[in-house]
Amino acid sequence: MKVLVPVKRVIDYNVKVRVKADQTGVELANVKMSMNPFDEISVEEAIRLKEAGTATEVIAVSLGAQQCQETIRTALAMGADRGIHVLHDGDLEPLAVAKMLKAVVDKEQPELVILGKQAIDDDANQTGQMLAALLGWGQATFASKIEMGAGEAKVTREIDGGLETISLKLPAIVTTDLRLNEPRYASLPNIMKAKKKPIDQFSPADLGVDPAPRLETLKVEEPAKREAGVTVADVAELVSKLRTEAKVI
Amino acid sequence: MSVLVVAEHDNSDIAPATLNTVTAAAEIGGDITVLVAGSGSAAAADAAAKIAGVSKVLHADSAEYANGLAENVAPLVVALAAGYSHVLAPATSFGKNVLPRAAALLDVQQISEISGVVDADTFVRPIYAGNAMATVKSSDAVKVITVRTTAFDAAASEGGSAAVEAADAKGDAGLSSYVGAELSSSERPELTSAKIVISGGRGMQNGENFAMLEEVADKLGAAVGASRAAVDAGFVPNDYQVGQTGKVVAPDLYIAVGISGAIQHLAGMKDSKVIVAINKDEEAPIFQVADYGLVADLFEAVPALSKELDG
Ligand SMILES: Cc1cc2nc3c(=O)[nH]c(=O)nc-3n(C[C@H](O)[C@H](O)[C@H](O)COP(=O)(O)OP(=O)(O)OC[C@H]3O[C@@H](n4cnc5c(N)ncnc54)[C@H](O)[C@@H]3O)c2cc1C
Ligand SMILES: Cc1cc2nc3c(=O)[nH]c(=O)nc-3n(C[C@H](O)[C@H](O)[C@H](O)COP(=O)(O)OP(=O)(O)OC[C@H]3O[C@@H](n4cnc5c(N)ncnc54)[C@H](O)[C@@H]3O)c2cc1C
């Protein structure tokens, strides 16, 4: 069974994001970029399936600028077998990403595609569901446990009220939540080995997809700032302020 | 203009998140239709008909809608969408699961978690964990949108008298099946709609210590939340997590106890009206967003708070 893992290059989660003065977006120049944390969890899960003998090959795919190859290399260093890069400079929206991933799936015929539940930059939380729709496959979003069976996968999902378990016919789409696993760090020998693993490159045109955005970003602004607060001396002062000043209790 | 709101419900009651979504629909303007897809869900459809501002309820009642599986609900939304300019759902685990699937089938780029309506085509949404607000304009024929519920007031659940019309079910897609659920049960208010939330972080040290927060919560009528660190450590279940990748809350009062204030946590609570932080480290970033900061050991401060509230 082949497993396909889409990995997105995003601003590192530790970076404090700054809005550009001209309000066209956020500052991306000289900012540390990393693999979307949810995608590290996806890669880890796919590698574990391979180690367990369930998966035969793990393919990491990334869409975007040339530097996405670094993100693919990270996945290869963790243990993925090969990479696919769809080169595109400029913004990509989830629908276009899902269409291109569908084209990759049609080529590669994986039984399972594991995506992150959301990318921490745009927080769209759409791509996996859209890919499932376009393929006509079942989807298990926000997964915290995956059990592979014969022709099916049983997936536990983190939902607002607690946990839910569903069963999916394979092939299927899973999107990962935080508690599915703890991703490994790549070892130095594996980082070296990853340099020799193959990465195929395509363009959106090769895949027959028009990546033009449907949404126009008119402006990007700073959120409203909170006024600085006060330090209270003790619990008595806190409760009194909440009662008489803030009037919230 | 006409808006279709996909209701979240449990077959008997309408989830509060649906009421916030109706308010977002009213800001867009035009007639509001609510879709209730469920099984044995007549009570939910009746409740939807009473929501103020709703002009019609479409009720699809069939076994395949019992558990809100996206593979079954999305085709129904797609079949109905043609008559509407906008399709909305709350940005809850239900709406986030179902709506992008419908959007892709409609060949529409969804707009996720809007926090504001500028006009019928233009919306405001937080990006980068709420560190930036993007104003985006859609060129799609139908706008497919999920709604950040904390950004819109709840519509009145009584006062409407919409007609309930049956909608044809589309059958079981046969791609997935529901196995079961482990839902957290609590007498306390629901986290995302509570007026007061008290959350604990890694500083709580273990799950037993959350009893201290629960005691305060019960005196205040508050819900209990947590940071990711507290959930990952197994102190409390996953549905307690507040943050960028957990629940977004905006209560009148948010009390953060033993939480450092990472960007990802702030993303889920910084729109609260009043924020209180209790932390023994005066350098903790949570104090930068707190209206009232108390630098103290939580194991002394929380019991003292509980006592003070009796006074
Ligand atoms: C103002 C603004 C500026 C932006 N600037 C940039 C920019 O300079 N560069 C940029 O790349 N994006 C940029 N974006 C984001 C971009 O336009 C899309 O919105 C984004 O790629 C898709 O949304 P998402 O990744 O949040 O999707 P989600 O649905 O949240 O992503 C979920 C999962 O889908 C998969 N996935 C998504 N995208 C890819 C991908 N490209 N390759 C592989 N897997 C993927 C991953 O598994 C990911 O975990 C910007 C957005 C805005 C609003
Ligand atoms: C992809 C991704 C998504 C994430 N999503 C979320 C999310 O949705 N929500 C979220 O919360 N986090 C999220 N995080 C994690 C986030 O980055 C932080 O790691 C997390 O919020 C830290 O939790 P904490 O504040 O409880 O723990 P810590 O940062 O360890 O802080 C503990 C605090 O407790 C204080 N303390 C300790 N003992 C006491 C005491 N006796 N009395 C008083 N104070 C005490 C300490 O001074 C410290 O400030 C995410 C991270 C990633 C990478």
Side-chain angles (χ1 to χ4, degrees), chain A residues 11 13 16-17 19 26 93-95 98 118 120-126 129-130 132-134 137-139 141-142 144 154 158-169 178-179 213-223 226 229-232 234-236 238-239 241-242 246 248-249, chain B residues 70-71 74 92-93 96-97 100-101 103-105 109-113 122 127-140 175-184 220 228 232 237-239 244-245 247 252-253 263 270 273-274 276 289-295 301 304-305 308-309:
Chain A
I11 292 190
Y13 80 96
K16 174 94 177 74
V17 170
V19 172
V26 306
E93 290 173 348
L95 182 62
Q118 78 194 61
I120 57 162
D121 49 0
D122 202 43
D123 287 334
N125 199 327
Q126 302 177 2
Q129 298 88 313
M130 289 185 153
L134 298 177
W137 293 5
Q139 68 185 51
T141 49
F142 329 142
S144 64
K154 212 162 104 184
E158 293 198 357
I159 57 168
D160 291 339
L163 296 171
E164 175 185 278
T165 304
I166 62 173
S167 167
L168 296 178
K169 239 192 221 157
L178 294 168
R179 278 155 293 268
R214 305 283 187 86
L215 301 180
E216 184 192 350
T217 301
L218 302 181
K219 61 179 173 190
V220 175
E221 298 164 288
E222 297 265 358
R226 289 191 77 92
V230 297
T231 304
V232 293
D234 52 27
V235 166
L238 174 65
V239 170
K241 285 229 152 76
L242 291 177
V248 284
I249 60 171
Chain B
E71 294 82 350
T92 55
S93 57
K96 287 173 176 173
N97 188 40
R101 190 171 177 108
L105 295 173
Q109 175 52 55
Q110 170 179 300
I111 309 172
S112 291
E113 284 215 65
T122 314
I127 53 173
Y128 294 94
N131 286 304
M133 307 298 290
T135 302
V136 295
K137 187 173 171 164
S138 166
S139 57
D140 284 311
L175 297 171
S176 57
S177 56
Y178 176 81
V179 178
E182 266 174 68
L183 300 181
S184 301
L220 292 171
R228 173 189 174 184
D232 283 4
N238 63 281
D239 50 289
Q244 179 188 10
T245 62
K247 286 181 180 156
D252 292 343
L253 173 61
I263 300 170
K270 70 184 170 58
K273 281 206 188 82
V274 175
V276 169
V289 299
D291 298 283
Y292 301 106
L294 177 61
V295 182
L305 175 61
E308 187 73 23
L309 290 171

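The figures that follow rest on heavy atoms only: side chains count, while hydrogens, waters and symmetry mates do not. This structure is a prediction, so every number in the text was calculated from the model and none was measured. All chains are named by letter (A, B, ...) in the order of the sequence lines, taking the proteins before the strands, and each is independently numbered beginning at 1.
Of the two parts of Leu168(A), the backbone and the side chain both hold a non-hydrogen atom closer than 4.5 Å to a non-hydrogen atom of chain B. Interface residue Ile263(B): only side-chain heavy atoms are found under 4.5 Å from chain A. In this structure, the portions of Leu294(B) lying under 4.5 Å from any heavy atom of chain A include both its backbone and its side chain. Interface residue Lys96(B): backbone and side-chain heavy atoms are both found under 4.5 Å from chain A. Residue Ala132(B) touches chain A through both its backbone and its side chain, counting heavy-atom pairs closer than 4.5 Å. At a 4.5 Å heavy-atom cutoff, the contact between Ala132(A) and chain B is made by backbone and side-chain atoms alike. With a 4.5 Å cut-off on non-hydrogen atoms, Glu71(B) touches chain A through its side chain but not through its backbone. Lys273(B) touches chain A through its backbone: at least one of N, CA, C or O sits under 4.5 Å from a heavy atom, while the side chain does not.
Taking Ala103(B), Gly180(B), Ser139(B) one by one and counting their heavy-atom pairs under 4.5 Å with chain A, the maximum is reached by Gly180(B). The residue among Thr122(B), Ile111(B), Thr245(B) with the most heavy atom pairs within less than 4.5 Å of chain A is Thr245(B). Of the listed residues Ile11(A), Leu178(A), Thr231(A), the one with more heavy-atom pairs under 4.5 angstrom with chain B than any other is Leu178(A). Counting heavy-atom pairs closer than 4.5 Å to chain B, the top-ranked of the candidates Ser144(A), Ala246(A), Pro213(A), Ala133(A) is Ala133(A). By number of non-hydrogen pairs under 4.5 angstrom with chain A, the leading residue of Ser177(B), Ala104(B), Ser176(B) is Ser177(B). Of the listed residues (Asp140(B), Asp239(B), Asn238(B)), the one with the most heavy-atom contacts under 4.5 Å to chain A is Asn238(B).
A pairwise comparison of heavy atoms in Ile120(A) and Gln244(B) identifies O-NE2, 3.2 Å as the closest pair. Smallest separation of non-hydrogen atoms from Gln129(A) and Pro100(B): CB-CB, 3.6 Å. Of all heavy-atom pairs between Ile166(A) and Tyr178(B), the closest is CG2-CA, 4.3 Å. Pairing each heavy atom of Arg226(A) with each of Val289(B), the nearest pair is NE-O, 3.1 Å. Nearest heavy-atom pair across Asp123(A) and Tyr128(B) is OD2-N, 4.0 Å.
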Please evaluate residues Leu309(B) and Ile249(A) with respect to the criterion side chain to side chain contact (heavy atoms under 4.5 Å, CB included), reporting the C-alpha separation (whole Å), side-chain torsions for both, the decisive distance (0.1 Å), and the verdict. CA-CA 9 Å; Leu309(B) 290 171; Ile249(A) 60 171; 3.8 Å; yes
Under the criterion side chain to side chain contact (heavy atoms under 4.5 Å, CB included), I'd like the reasoning laid out for Ile159(A) against Leu183(B): C-alpha separation, chi angles, the key distance, then a yes or no. CA-CA 9 Å; Ile159(A) 57 168; Leu183(B) 300 181; 4.0 Å; yes
For Asp232(B) and Arg179(A): C-alpha separation, side-chain torsions, deciding distance, then whether side chain to side chain contact (heavy atoms under 4.5 Å, CB included) applies. CA-CA 7 Å; Asp232(B) 283 4; Arg179(A) 278 155 293 268; 2.8 Å; yes
Go through the steps for Asn97(B) and Thr141(A) under the test side-chain hydrogen bond (donor to acceptor under 3.5 Å, both in side chains), then give the verdict. CA-CA 7 Å; Asn97(B) 188 40; Thr141(A) 49; 2.6 Å; yes
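Looking at Gln118(A) and Ser112(B), their side chains never come closer than 4.5 Å, going by heavy atoms from C-beta outward. Residues Ser138(B) and Arg214(A) are not in side-chain contact: their nearest non-hydrogen atoms beyond the backbone lie 4.5 Å or more apart.
Side-chain atoms of Ser93(B) come within 3.5 Å of backbone atoms of Asp160(A) as a donor-acceptor pair (strictly under, hydrogens ignored). Asp291(B) places no side-chain N or O within 3.5 Å of a backbone atom of Val230(A) that could act as its donor or acceptor partner. In terms of modelled atom types and a separation under 3.5 Å, the side chain of Glu93(A) and the main chain of Gln109(B) share no donor-acceptor contact.
Crowding of Glu221(A) atom CD: a count of heavy atoms from other residues, nucleotides or ligands under 6.0 Å exceeding 12.
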